[in-house]
Amino acid sequence: MSSQTASADPIELLESAFRSAIAGALGDDYAETDPIIKASQNPQFGDYQANFAMGLAKKLGRKPRDLAQEVVDALDLSAVAEPAEVAGPGFINIRLKPEALGRLLDAMDDDELGVRPDPDPHSVAIDLCGVNVAKQMHVGHLRSTIIGDAIARIYERRGRKVFRENHLGDWGLPIAMVIDQLRRAGTDLDRLTLTDLDRAYRDAQLSAKADIRGLARAMESPHAGPHRRAELEEQNASAHEAVESAKRTLVRLQQGDPEIRADWEKLIRVTMDAVYESYELLNVKLGPENNRGESFFRDRLTDVIDAFVREGVAEEDEGALVVRFEDRDRPLLIRKSDGGFLYATTDLAAVRFRVHDLGATRVIYVVDARQRDHFRDIFDAAKKIGWDRTADGAAAELVHIPFGAVLGEDKRPLKTRSGENITLRSLLIEAIERGTHEVIRRSEDPAAPTHGAPLEELKRTGKAVGIAAVKYADLSSDLVRDYVFNFDRMIAFEGRTGPYLQYAHARVCSIFARAEMDPDSLREVAVLPQEPAEKSLALMLLRYGSIIADTARSLEPHRLCTYLYDLADAYSSFYQQCPVLKADDPSIRGSRLRLCDLTRRVLEDGLDLLGIEAPRRM
RNA sequence: GCCCCGAUAGCUCAGUCGGAUAGAGCAGCGGUCUUCUAAACCGCAGGUCGCAGGUUCGAAUCCUGCUCGGGGCGCCA
């Protein structure tokens, strides 16, 4: 069994051994040299390699191979590895002994599975989802929600306190316009449907556009003669009136008018009820407790402006208040010339709150890539005024995860055939239907483990499969890239997909089901990987902790996705080549069962961090 | 016009701090089933790492210029 202090990560072990060897060979001045230990790409070069010799030799004006040999001579790895070998221009190859692999696997065999706690005791704030009140969730919200949830799970897994911050668009003129639109249309807000809301939102947006952009632009046009101008003004009169009316409603909302306030709350309830339903379908850990939207910050905006003025970080420009930056022309506007606030003002209030009040040393914005420039401005403005420091003085890092767009087969943003946005709900329903269809169809095979399973279970599994398909497809490539949404490809049970990983997990489960044994009874059985396929699997298992640390640091969930596939792949090869239940020797059988058990637990844990369920049979 | 991002096999994508012969999946071709779940495994084939220079013992990776595609750019959010 594991001790609390032993690291299960061979890389850490090798790093410290090499550091002492380098210090021993070259003197204590070199004790801090990074030995650059990496897992070898090719088994012919051993399990791990140390790549420091070439760079260091250059600095010292020496031959890399000589230097490498000198360090190898000072190296004592006899307890864990075969003698290290110098190869090529100066690589040092290391091959671990089976007994060492066994000990390391023992060390990771507890609930942590080799994942070490994050040393930073501060919290993390993650801005995700970002729904707008009066608007259905659409595919645009998909990525922010599932990426944000996965990153939150990974930080929580490393022991950090995570605040999932759902920065709702629940305040300001857009909402007032919808309320106003509904009231003028005489809609009964107690019988309000999402469709009503959608229509009102769209109509309100059209009015605003016609008024603010259309008229202003057309009137400035040199081609607009007096006749044309009169015509335009007439056309825009109703739009203009709509916006004026909405502005009056906004004032009443801001002043706390009970009637408007009650309508506002009804809007939020209708919107959020549907949103919570989507969260349930998506299997994300989000709920009312995560809502902290624009309305939450509305009373703090004046303070933001005051602070920027007081600290001399903002200045007036054409009546507006702006923050200027040394390295770019365009300033950040934080107050309009009419005295109104902008979304930048709210975002600055949110930065202040997350760092100062929530004590987060990492504030992560999971918002699409189009807002890159905006967040750069916000972060730089926050730094200028010193809001990147927690109350206890720790430096806070503000990070934007600029994810790419979800595209249709035509490489344009995903829309329905008629050009409407696809609702998130309809997309998830289709994923679940497809998953359920597959699971039920396969259960009809009399040889299938799910044959005869209750329909309830099949449906539950089908939902898990459909959602896994969508999530894995979304999380498995570099987030910054756009990707083409393709159901057929992502739900395939072959290849790098969510369902394949779930299947790999279910296959391991079936071994224990067939053996009718409790994996916990294996705890005292020795694990000793000897066959090449066993060793590969063991090495893969031992990487788990560092993969989780890398994923948290880099905020790149696709690293974990790639790893889990590689682990499933290593397991499949092992499973093909090494009989487990049919192994003649009981000690080999026990050792292999422990490899199976560890694989199953890492797959289940890793999938959970991606927000993907791992059914025991499918 | 200015700024940002992307380009790797037919298709979809990995590629760690610059390291050994650039790797997967899908599609294609050929094998392995009285199965430990074949939703699998093994093998073959497939490359101007967008282009041109540069730095380096070593470049898909770093620097400069360019091409193509996408996005953003002061009083909307």
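Computed from heavy atoms alone, side chains included, the values below leave out hydrogens, waters and symmetry copies. Note on naming: letters A, B, ... go to the chains in the order of the sequence lines (proteins, then strands), and numbering restarts at 1 for each one.
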Does A:S573 have a side-chain nitrogen or oxygen under 4.0 Å from the phosphate oxygens OP1 or OP2 of B:rC41? no
Kindly say if A:H374 contacts the phosphate of B:rC73, meaning a side-chain N or O under 4.0 Å from OP1 or OP2. no
Hey, does A:R335 reach any base, or is it just sugar-phosphate, or nothing, if we go heavy atoms under 4.0 Å? nothing
For A:D180, the salt bridge (charged side-chain N to carboxylate O under 4.0 Å, His left out) test, sequence neighbours excluded, returns A:R184
So, does A:R324 use its side chain to make a donor-acceptor pair with the main chain of A:A314 at under 3.5 Å? no
Could you give me the stems involving RNA chain B, meaning stretches of three or more consecutive Watson-Crick or G-U wobble pairs whose two defining distances are both below 3.5 Å? B:1-7 with B:67-73, B:10-13 with B:23-26, B:28-32 with B:40-44, B:50-54 with B:62-66
Taking CG from A:N42 and P from B:rU21, how many angstroms apart are they, rounded to a whole number? 11 Å
Do A:H167 and A:R292 meet the criterion of a side-chain donor-acceptor pair at a distance under 3.5 Å? no
Grab the N/O contacts between the protein and nucleotides 56-61 of chain B below 3.5 Å, and write none if there aren't any.
unit_1 : atom_1 : unit_2 : atom_2 : d
B:rC57 : OP1    : A:K58  : NZ     : 2.4

Examine distances only and state if a side-chain atom of A:R594 and a backbone atom of A:V525 form a donor-acceptor pair shorter than 3.5 Å. yes
Under 3.5 Å, which donor-acceptor pairs do the side chains of residues 586-593 of chain A form with other protein atoms, sequence neighbours left out?
unit_1 : atom_1 : unit_2 : atom_2 : d
A:S587 : OG     : A:D585 : OD1    : 2.8
A:R589 : NE     : A:L581 : O      : 3.4
A:S591 : OG     : A:L528 : N      : 2.9
A:R592 : NE     : A:E534 : OE2    : 3.1
A:R592 : NH1    : A:P579 : O      : 2.8

Enumerate the residue pairs fulfilling salt bridge (Lys or Arg N to Asp or Glu O under 4.0 Å) with a member in residues 479-507 of chain A, sequence neighbours excluded, ordered by first and then second residue. A:R434-A:D488
Is it the case that the side chain of A:Q502 and the backbone of A:E613 share a donor-acceptor pair, with hydrogens and angles ignored and the cut-off at 3.5 Å? yes
RNA chain B: A:N51 or A:D569, which has the more 5' nearest nucleotide? A:N51
List the residues meeting side-chain hydrogen bond (donor to acceptor under 3.5 Å, both in side chains) with A:E516, not counting sequence neighbours, and say none if there are none. none
Indicate the ring-plane relationship of A:F487 and A:F485, choosing parallel, tilted or perpendicular according to the 30° and 60° boundaries. perpendicular
Given that A:R412 and A:R543 both sit by RNA chain B, which one's nearest nucleotide is further toward the 5' end? A:R543
By ring pair (Phe, Tyr, Trp, His ring centres under 6.0 Å) - contacts of A:F379 (at least two apart): A:Y365, A:F375
Would you say CG of A:N42 has more than 12 non-hydrogen atoms from neighbouring residues, nucleotides or ligands within 6.0 angstrom? yes
Where protein sits on nucleotides 2-12 of chain B, one letter per nucleotide: B base, S sugar-phosphate only, - none, heavy atoms under 4.0 Å: --SS-S----S
Partners meeting salt bridge (charged side-chain N to carboxylate O under 4.0 Å, His left out) with A:R543 (sequence neighbours left out): none
Could you run down the sub-3.5 Å N/O contacts of the protein with nucleotides 27-31 of chain B?
none

Is any N or O donor-acceptor pair between the side chain of A:N93 and the base of B:rA20 shorter than 3.5 Å? yes
Tell me whether A:Y565 and B:rG25 count as stacked here, given that the ring centres must be under 5.5 Å apart and the planes must differ by less than 30 degrees. no
How far does the C1' atom of B:rG28 sit from the matching atom of B:rC68, given to the nearest Å? 30 Å
So the ring pair (Phe, Tyr, Trp, His ring centres under 6.0 Å) pairs with at least one residue in residues 315-340 of chain A (sequence neighbours excluded) are none
Which of these nucleotides, B:rA77, B:rA14, B:rG74, is closest to any side-chain atom of A:R324? B:rG74
Looking at the side chain of A:F45, which of B:rG15, B:rA20, B:rC75 is the nearest nucleotide? B:rA20
Nearest-angstrom distance, C1' atom, B:rA27 to B:rU12: 11 Å
Take the protein atom CD of A:Q371 and the nucleotide atom P of B:rG70, then report the distance between them rounded to whole Å. 20 Å
Closest of B:rC75, B:rA20, B:rA39 to the A:F493 side chain is B:rA39
Among residues 496-508 of chain A, which residues get a heavy atom nearer than 4.0 Å to RNA chain B? A:R496, A:Y500, A:Y503, A:A506, A:R507
Please identify which of these residues, A:R616, A:E604, A:R600, meets the side chain to side chain donor-acceptor pair (under 3.5 Å) condition with A:H505. A:R600
Provide the distance between the two P atoms, one in B:rG18 and one in B:rU64, to the nearest whole Å. 15 Å
Please give the distance between the C1' atoms of B:rC76 and B:rG10 as a whole number of Å. 44 Å
A:K336 side chain: which of B:rU21, B:rC75, B:rA14 is closest? B:rC75
Has A:Q371 got more than 12 heavy atoms of other residues, nucleotides or ligands less than 6.0 Å from its CD? yes
Would you indicate whether the side-chain heavy atoms of A:T599 and A:L603 approach each other to under 4.5 Å? yes
For the pair A:R143 (side chain) and A:G404 (backbone), establish whether a donor and an acceptor sit closer than 3.5 Å, ignoring hydrogens and angles. yes
What distance, rounded to whole Å, do you find between the two C1' atoms, one in B:rA59 and one in B:rC63? 12 Å
